[in-house]
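Structure first, commentary second.
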There are 2 protein chains.
Amino acid sequence: MKSLADRIEQYLKVLIERSDCKTLEVQRTELAETFGCAPSQITYVLATRFTREEGFITESRRGGKGYVRIRRVDRETVPNAGVCSQEEAFARLEVLLKRGLLSRREVELLKCVMSQKVLGPMGLETDFLRAKMLHAVCELLNV
Amino acid sequence: MKSLADRIEQYLKVLIERSDCKTLEVQRTELAETFGCAPSQITYVLATRFTREEGFITESRRGGKGYVRIRRVDRETVPNAGVCSQEEAFARLEVLLKRGLLSRREVELLKCVMSQKVLGPMGLETDFLRAKMLHAVCELLNV
DNA sequence: AAAGTCAAAGTCAATAAAAGTCAAAAGGAG
DNA sequence: CTCCTTTTGACTTTTATTGACTTTGACTTT
């Protein structure tokens, strides 16, 4: 027995495969109407079936003429090394500052480049990536 | 379905690129008439899509023979949605160094954090990611 | 020159049209 | 029954669009 969510998922995936650039742009409300469900159902489908781990990146715009864009990207292999959340990374940078190994400005630069906002919709691997970045910095500093 | 604001934005950007000196002068009222909208809509488009951060400078004059002038200025920035190879990114960092906006050490820190080696086996998205990182740095530096 | 006129552009708040959030209710598999 | 997934709806936030009102500047009249 297929659920509504399953059917919406299927529908979107067909459209994406047919599209140029593996990119699809739809309106949440419109799609919800097509399937006769609540708009938040669409959000649910995107959140559970079009995640970064599944190989999708979604972006959207609110307000008038808003949209949801789904892009299928090549799934990369995630080698399992360390992970590091934004908070953790920021804290470690502050430590390096305290120890006099980085200047305030350097910390700010690195923070902005490691922020969740920038690493953006890359999903879980964000933390993996951040760990590698931090590691590289420490190596450069010989610490 | 593009919004009106999107269409006006696109229209203006085409005209700017075609123009000499990347500079365009239009009349707000006239443009509004062309698109059949309120003049304040033009103001809105300028305020949200032709900001300094996006790489544009706008000037204007009220009253008789008034105008709006839009100039695209050079940014060392990669558009937020663009892509950027390691070589390109490194070159841009060097430019920022030459311009005195970053120190040698800061450049090295950023290079190591943006290197292919660190961003690792992320495939195509590496370039996507690097563009976002560079964009964030430029934003922080206000350039 | 000072004042008045008119044609610009600017401001701002109201309204509309999306998408996001989150918790609660409903379903379904064991 | 219990747990996990699905589905919904009330509420929030963001973006777009408009229109009434304000400010500015060139030109005209006194």
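To find a chain, count down the sequence lines: A is the first, B the second, and so on, and within it residues start at 1.
Atom-to-atom, NZ of A:Lys65 to P of C:dT15 comes out at 19 Å; the value is rounded to the nearest Å. In this structure, A:Arg28 atom CZ and D:dT14 atom C1' are separated by 12 Å, rounded to whole Å. Atom pair B:Arg7:CZ and D:dT15:P shows a separation of 19 Å (rounding to whole Å applied). Between the CZ atom of B:Arg61 and the C1' atom of D:dT23 there is a distance of 15 Å, rounded to whole Å. What separates NZ of B:Lys2 from P of C:dA18 is a distance of 16 Å, to the nearest Å. Remark: C1' of C:dA8 and CD of B:Glu33 are 12 Å apart, rounded to the nearest angstrom. Look at CD1 on A:Ile42: it is 14 Å from C1' on C:dA18, rounded to the nearest Å.
The cationic atom of B:Lys13 (NZ for Lys, CZ for Arg) lies less than 6.0 Å from the six-membered ring centre of B:Phe50 and within 45° of the ring axis.
The residues A:Glu17 and A:Arg72 are annotated as salt-bridged, a charged nitrogen and a carboxylate oxygen being separated by less than 4.0 angstrom. Using a cutoff of 4.0 Å between basic side-chain nitrogens and carboxylate oxygens, A:Glu88 and A:Arg92 are not scored as salt-bridged.
Searching all strands for a Watson-Crick or G-U wobble partner of D:dT12 with both distances below 3.5 Å returns C:dA19.
Considering only side-chain atoms of A:Ser40, the nucleotide from D:dT18, C:dA9, C:dT21 that sits closest is C:dT21. Distances were taken from every side-chain heavy atom of B:Ser3 (C-beta onward) to each of C:dG20, C:dA9, D:dT17; the shortest belongs to D:dT17.
When side chains are defined from C-beta on, B:Arg71 does not count as touching B:Glu25, because their heavy atoms never get closer than 4.5 Å.
In this structure, A:Thr29 reaches the sugar-phosphate backbone alone: every heavy-atom distance under 4.0 Å involves primed, P, OP1 or OP2 atoms, never a base. At a threshold of 4.0 angstrom between heavy atoms, the contacts of B:Leu4 are confined to the sugar-phosphate backbone, with no base atom among them.
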